[in-house]
Amino acid sequence: MLLGQVELGGKSMELIGLKKCSTCREVERLLEAQGLTYHYREINVDRPSAQELKTWYQQAGLSSTKKLVNTSGQLYRGMGLKDRWDDLSSDQQFELLATDGMLVKRPILLTDQGQVFVGPDVKAYLNQR
């Protein structure tokens with residue numbers, strides 16, 4: 001099994017998160033409760049590229065790039081992105097997100113069927129399994 005891959009019902013998936021994140025830990029508990037083995041892609045160590053983020057955004061069907069942003073994070077607030085985000089082009093937004101994993105909403109779950117779940121949608125998906 002590759003690092004960052006989750007074995008889910010015989011299907012390979014990737015879980016991206018931060019070990020310190022309470023939501024990510026809760027997702028880990030859900031995976032364990034379902035008897036699923038997994039490896040973790042630590043978002044602050046193995047940052048997603050701008051292209052990965054753009055692909056995930058499209059596959060998740062998010063209504064806004066801001067749905068991919070950790071808007072409650074200190075870095076987001078410290079950079080004043082609340083007031084500047086909409087002034088950036090989408091390419092600039094993805095490039096900025098790729099500079100630091102702490103800017104990206106987590107967890108992110110990628111399925112082998114092309115589905116992408118971000119933030120609370122990950123728990124919802126696992127809870128309905």
Side-chain angles (χ1 to χ4, degrees):
M1 190 181 307
L2 299 172
L3 181 63
Q5 296 291 311
V6 177
E7 192 65 27
L8 190 57
K11 299 174 184 165
S12 186
M13 299 173 74
E14 186 172 13
L15 178 63
I16 302 151
L18 182 68
K19 290 288 186 180
K20 295 182 203 175
C21 169
S22 61
T23 302
C24 297
R25 287 193 310 265
E26 192 173 338
V27 166
E28 285 188 283
R29 285 191 292 273
L30 283 171
L31 291 166
E32 290 168 7
Q34 293 181 28
L36 304 169
T37 58
Y38 63 93
H39 292 276
Y40 208 90
R41 179 174 173 182
E42 189 84 22
I43 199 165
N44 61 334
V45 175
D46 184 7
R47 292 188 320 259
S49 69
Q51 184 56 52
E52 283 178 304
L53 292 163
K54 189 174 196 174
T55 299
W56 300 341
Y57 165 75
Q58 292 166 343
Q59 290 176 319
L62 300 175
S63 59
S64 164
T65 55
K66 206 164 200 173
K67 299 277 186 184
L68 201 55
V69 179
N70 178 12
T71 56
S72 62
Q74 291 178 356
L75 187 57
Y76 173 83
R77 291 191 309 264
M79 293 175 72
L81 292 176
K82 179 180 180 184
D83 299 324
R84 299 182 326 145
W85 188 257
D86 292 332
D87 295 333
L88 300 172
S89 71
S90 64
D91 285 340
Q92 289 172 320
Q93 292 169 344
F94 291 119
E95 288 295 331
L96 181 60
L97 288 173
T99 64
D100 195 312
M102 300 305 284
L103 287 171
V104 181
K105 185 179 290 282
R106 55 198 179 264
I108 300 171
L109 186 66
L110 314 176
T111 74
D112 65 339
Q113 299 170 345
Q115 295 172 293
V116 176
F117 300 95
V118 177
D121 293 342
V122 174
K123 286 188 340 189
Y125 170 75
L126 291 172
N127 282 327
Q128 69 184 356
R129 282 186 34 79

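Please read all numbers here as calculations on a predicted model, not as lab measurements.
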* Structure fact -> All heavy atoms of W85 vs all of V69, minimum pair found to be CZ2-CG2, 3.5 Å

* What distance separates L18 CG from R25 CZ, expressed to the nearest 0.5 Å? -> 9.0 Å

* Salt-bridge contact K54-D91 (side-chain N to carboxylate O under 4.0 Å) -> yes

* Asked: Is any side-chain heavy atom of P48 less than 4.5 Å from a side-chain heavy atom of I43?
  -> yes

* **Nearest atoms (heavy-atom pairs only) where T65 meets Y57** => N-CE1, 3.5 Å

* Structure fact -> When rounded to the nearest 0.5 Å, the distance separating CZ of R106 from CG of N44 is 8.0 Å

* Asked: Looking at CD of E28 and NZ of K19, how far apart are the two atoms once the value is rounded to the nearest 0.5 Å?
  -> 4.0 Å

* Of all the heavy-atom pairs spanning T99 and R47, show the shortest one and how long it is. => O-NE, 3.4 Å

* More than 12 non-hydrogen atoms from neighbouring residues, nucleotides or ligands closer than 6.0 Å to CD on Q58, yes or no? -> yes

* So do the side chains of V118 and K67 get within less than 4.5 Å of each other, counting heavy atoms only? -> no

* Have Q51 and T55 got a donor and an acceptor in their side chains that come within less than 3.5 Å? -> yes

* Give, for atom CE of M102 and atom NZ of K20, the distance between the pair rounded to the nearest 0.5 Å. => 7.0 Å

* **W56 CH2 to S49 OG distance, which is reported to the nearest 0.5 Å** => 7.0 Å

* Asked: Any side-chain heavy-atom pair from L126 and F117 closer than 4.5 angstrom?
  -> no

* Compare every heavy atom of L53 with every heavy atom of L68, then report the nearest pair and how far apart it is. => CD2-O, 3.6 Å

* Quickly, which of I16, V122, V116, L31 forms a side chain to side chain contact (heavy atoms under 4.5 Å, CB included) with L109? Name it, please. => V122

* Can you name the nearest heavy-atom pair linking C24 to Y40, along with the distance? -> CB-OH, 2.9 Å

* What closest approach, in Å, do K123 and V27 show between heavy atoms, and which atom pair accounts for it? -> CG-CG2, 3.7 Å

* State whether the side chain of R41 and the backbone N or O of D46 hold a donor-acceptor pair below 3.5 Å, judged by distance alone. => yes

* Point-to-point distance, once rounded to the nearest 0.5 Å, from CG of L110 to CD of Q59 -> 7.5 Å

